[in-house]
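The structure appears below as structure tokens.
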Number of protein chains: 2
Amino acid sequence: MTTTLSQVAEQAGVSVSVASRSLNGHAKAYRISDETATRVKEAADMLGFRPSQTARSLRLKKTGLVGVVVPDLSNPFFASISQSIALSAEAEGYSVIVADSREQTEHEIRLLQQLEDRQVEALVVCPVGTESKHLQQINERGTPVVLADRTFPDCELLQVTSEHRVGAVTATRLLTTKGHRVIGVLQGLPGTLPNEQRLSGHAEALAEIGISFDQSLVMGNNFTETSGFESAMQLLADRPDVTALFAFSTPNAMGALRAAIKSERHVPQDLSVVAFDDSPYADLMNVPLTTVCQDVDGIGQLAADLVLRALTNSKGRKRKKRHDIKTQVIIRNSISSVKD
Amino acid sequence: MTTTLSQVAEQAGVSVSVASRSLNGHAKAYRISDETATRVKEAADMLGFRPSQTARSLRLKKTGLVGVVVPDLSNPFFASISQSIALSAEAEGYSVIVADSREQTEHEIRLLQQLEDRQVEALVVCPVGTESKHLQQINERGTPVVLADRTFPDCELLQVTSEHRVGAVTATRLLTTKGHRVIGVLQGLPGTLPNEQRLSGHAEALAEIGISFDQSLVMGNNFTETSGFESAMQLLADRPDVTALFAFSTPNAMGALRAAIKSERHVPQDLSVVAFDDSPYADLMNVPLTTVCQDVDGIGQLAADLVLRALTNSKGRKRKKRHDIKTQVIIRNSISSVKD
DNA sequence: ATGAAAGCGCTAACAT
DNA sequence: ATGTTAGCGCTTTCAT
């Protein structure tokens with residue numbers, strides 16, 4: 001059914017080695033006569049020969065495969081990152097295997113195992129959970145690993161993420177300068193670095209004006225809309241003195257807007273909202289959202305860049321491990337001054 | 001560095017065949033003593049043996065790979081489809097290679113070639129362009145191809161898409177029953193089946209009330225926001241008598257909303273808008289959008305199902321080729337009665 | 001300038 | 001119950 005190299009060789013009346021060399025452009029390096037080379041190429045064309053990548057991979061110990069593991073491919077943030085990797089990889093002749101860990105460490109581990117078995121040459125992972133040991137092990141075993149978004153402190157892997165702390169300081173200042181003093185926080189997944197750094201940035205901005213951080217104003221367990229909605233509902237019920245909300249993700253913020261509607265608070269008159277991360281349609285919302293937005297493409301492209309560089313370059317090169325990508329403030333209309 | 005089967009065999013003091021059979025659960029089929037089997041497994045564990053999928057693939061002529069080709073992975077619609085395939089495939093032990101064709105046929109062809117060379121066992125493609133020949137050829141050469149979203153008439157491939165025509169009839173009726181007679185259409189990519197079927201459904205709904213379809217009311221060249229915005233601007237300028245817009249995608253609709261703002265028309269008072277396809281936040285828009293929404297997960301899951309079935313089942317089985325997934329109307333607040 | 005043959009790591013048909 | 005060996009399709013060393 002499928003044509004093999006030896007059939008091409010036979011058709012062209014040469015040996016497999018000559019056929020291989022002719023087709024791989026090693027013709028002159030092996031001083032194969034032009035005439036022979038052409039004959040081989042014609043035979044290959046005629047038979048519709050396509051070299052088996054599987055056989056090649058085995059022989060060359062090079063699969064041309066890059067693995068990508070994300071917690072939720074339907075989340076536009078991770079979809080964009082996957083796309084960046086895919087486009088860069090394709091341009092260099094690599095293919096990318098994507099795997100969706102469904103936010104669960106056990107799946108992540110299983111998928112990584114699978115990818116390692118397939119001998120991907122490098123991995124980009126947006127990890128779940130708070131442990132990086134398994135990732136470091138893979139890296140030590142020889143498959144370069146690049147972390148994106150969810151990174152780890154004290155970790156020797158290449159990492160790309162946003163300036164979460166700085167961004168959160170900015171966001172909170174946006175509120176405090178308008179006089180807000182009781183700010184509810186709709187957090188994402190506790191324990192993840194982005195979440196903790198944003199919390200710490202928030203606390204820092206509060207400290208600047210002499211307010212101490214109040215843990216009871218922090219609610220939520222996930223970057224999802226459900227978490228945002230439920231946290232906002234509870235916060236608005238428990239703490240009627242809250243005048244502003246800081247949502248840690250776009251879905252969190254959407255949940256907050258729904259909660260505001262449901263509890264009959266007008267944004268921004270009765271309640272101010274600021275979100276970490278932007279949605280493409282944030283300006284078309286019933287309340288145009290003020291956001292501190294991440295450079296998603298920047299993160300994806302840098303991750304892609306690092307991973308491909310890891311493939312090409314001398315393995316042992318020393319280079320910067322952590323990369324923190326700047327965020328950008330977009331002022332819209334979801335914040336008002338507190339009235340006293 | 002990496003352990004091979006023969007090292008395991010040596011360590012366990014058996015031959016490679018026994019090692020292979022023990023580890024693949026063929027122990028009893030080959031009446032290998034339990035004791036031996038255990039010894040092999042222990043050796044494998046001890047050495048951290050992981051069978052090379054590459055070698056396996058070559059030997060078994062089975063790569064365990066499924067290819068997915070989409071026009072734009074950052075589009076939530078295609079991201080969801082890719083996710084469905086990935087999740088289903090992973091559950092069956094397959095891995096998926098995703099490729100992004102950037103809406104260009106030439107890229108699509110190149111990527112498909114690449115995937116075929118990698119000997120993926122099946123393909124799900126959301127094709128670009130109006131030609132299906134290359135896809136049919138792949139299918140005939142032995143790699144089952146399932147088409148999703150962008151399908152083709154008179155095509156023998158398995159296909160999954162929405163009921164575009166029916167959905168469009170519904171959408172247009174939503175407008176005509178409110179008295180709208182001059183309806184602008186913001187179309188997507190002309191020539192694609194979803195686009196043409198929606199046009200035809202639109203014309204059909206107009207015909208029902210004795211209006212003939214006016215081609216000059218149709219604008220746009222893409223499913224993007226830019227296309228939606230520009231088409232709406234032009235339409236509103238050229239045809240001041242337009243009272244309603246029918247947008248063929250969520251991004252098209254967002255463009256329309258921006259155009260409405262820019263040209264100082266209030267939706268729905270001065271202009272009604274209906275969109276084909278829903279956004280998760282459509283209800284939080286400044287104008288909550290009335291939509292005819294596609295069952296994205298339904299499409300993805302069925303496509304995944306068909307493709308995995310094609311791998312498992314007897315190849316020659318006769319089954320339904322085309323699957324049209326129902327759409328659902330979601331009434332919100334972007335349509336008003338025409339005032340006369 | 002070309003060919004023979006080894007071998008990548010694995011499975012399975014064929015011994016014994 | 002276990003071992004030997006061919007071979008999947010390719011690249012490359014080592015002849016010639």
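Residue numbers begin at 1 in each chain, while the letters A, B, ... track the order of the sequences.
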**Item:** Pairs satisfying side-chain hydrogen bond (donor to acceptor under 3.5 Å, both in side chains), at least one member in residues 295-307 of chain A, at least two apart
**Value:** A:Asp305-A:Arg309

**Asked** Looking for any heavy atom pair under 4.0 Å, which part of the strands does A:Thr36 touch: base, sugar-phosphate only, or nothing?
**Response** sugar-phosphate

**Asked** Does OP1 or OP2 of C:dG3 have a side-chain N or O of A:Ser15 closer than 4.0 Å?
**Response** yes

**Message:** I'd like to check the side chain to side chain contact (heavy atoms under 4.5 Å, CB included) partners of A:Leu112; sequence neighbours left out, ordered by chain and number.
**Reply:** A:Val69, A:Glu108, A:Leu123, A:Val125, A:His134, A:Leu135, A:Ile138

**Partners passing side chain to side chain contact (heavy atoms under 4.5 Å, CB included) against B:Ser6 (at least two apart in sequence or in another chain)** = B:Thr4, B:Val16

**Request:** Mind checking salt bridge (charged side-chain N to carboxylate O under 4.0 Å, His left out) for B:Asp324 and listing every partner two or more places apart, or none if nothing turns up?
**Result:** B:Arg322

**Asked** Looking only at heavy atoms, what is the nearest atom pair of B:Asp100 and B:Pro71, with distance?
**Response** OD1-O, 3.2 Å

**Message:** Run the salt bridge (charged side-chain N to carboxylate O under 4.0 Å, His left out) test against A:Arg102 and tell me which residues pass, sequence neighbours left out.
**Reply:** none

**Asked** Does anything in residues 59-66 of chain A reach DNA chain C, meaning a heavy atom under 4.0 Å, and if so which residues?
**Response** A:Arg59, A:Lys61

Short N/O separations, protein against nucleotides 13-16 of chain C, under 3.5 angstrom:
unit_1, atom_1, unit_2, atom_2, d
C:dA13, N6, B:Arg21, NH1, 3.1

**Request:** Rounded off to whole Å, could you give me the CD-to-P distance for the A:Glu10 and C:dG3 pair?
**Result:** 13 Å

**Request:** Please list, chain by chain and in numerical order, all residues satisfying salt bridge (charged side-chain N to carboxylate O under 4.0 Å, His left out) with A:Lys62, sequence neighbours excluded.
**Result:** A:Glu121

**Message:** Which residues pass the side chain to side chain contact (heavy atoms under 4.5 Å, CB included) test with A:Val307, not counting sequence neighbours?
**Reply:** A:Ala122, A:Val124, A:Val146

**Prompt:** First contact, last contact: which nucleotides of DNA chain D are these for chain A, 5' to 3', heavy-atom distance under 4.0 Å?
**Reply:** D:dG9 to D:dT13

**Message:** With nearest nucleotide decided by heavy atoms, which residue, B:Val16 or A:Ala55, maps closer to the 5′ end of DNA chain D?
**Reply:** B:Val16

**Request:** Verify the distance criterion only: is there a donor paired with an acceptor across the side chains of A:Ser52 and B:Gln119 at less than 3.5 Å?
**Result:** yes

**Asked** In whole angstrom, what separates A:Arg56's CZ from C:dG9's C1'?
**Response** 18 Å

**Message:** If the condition is salt bridge (charged side-chain N to carboxylate O under 4.0 Å, His left out), which residues does B:Arg39 pass it with, not counting sequence neighbours?
**Reply:** B:Glu35

**Asked** side chain to side chain contact (heavy atoms under 4.5 Å, CB included) with B:Ser57: which residues, sequence neighbours excluded?
**Response** A:Thr54, B:Thr63

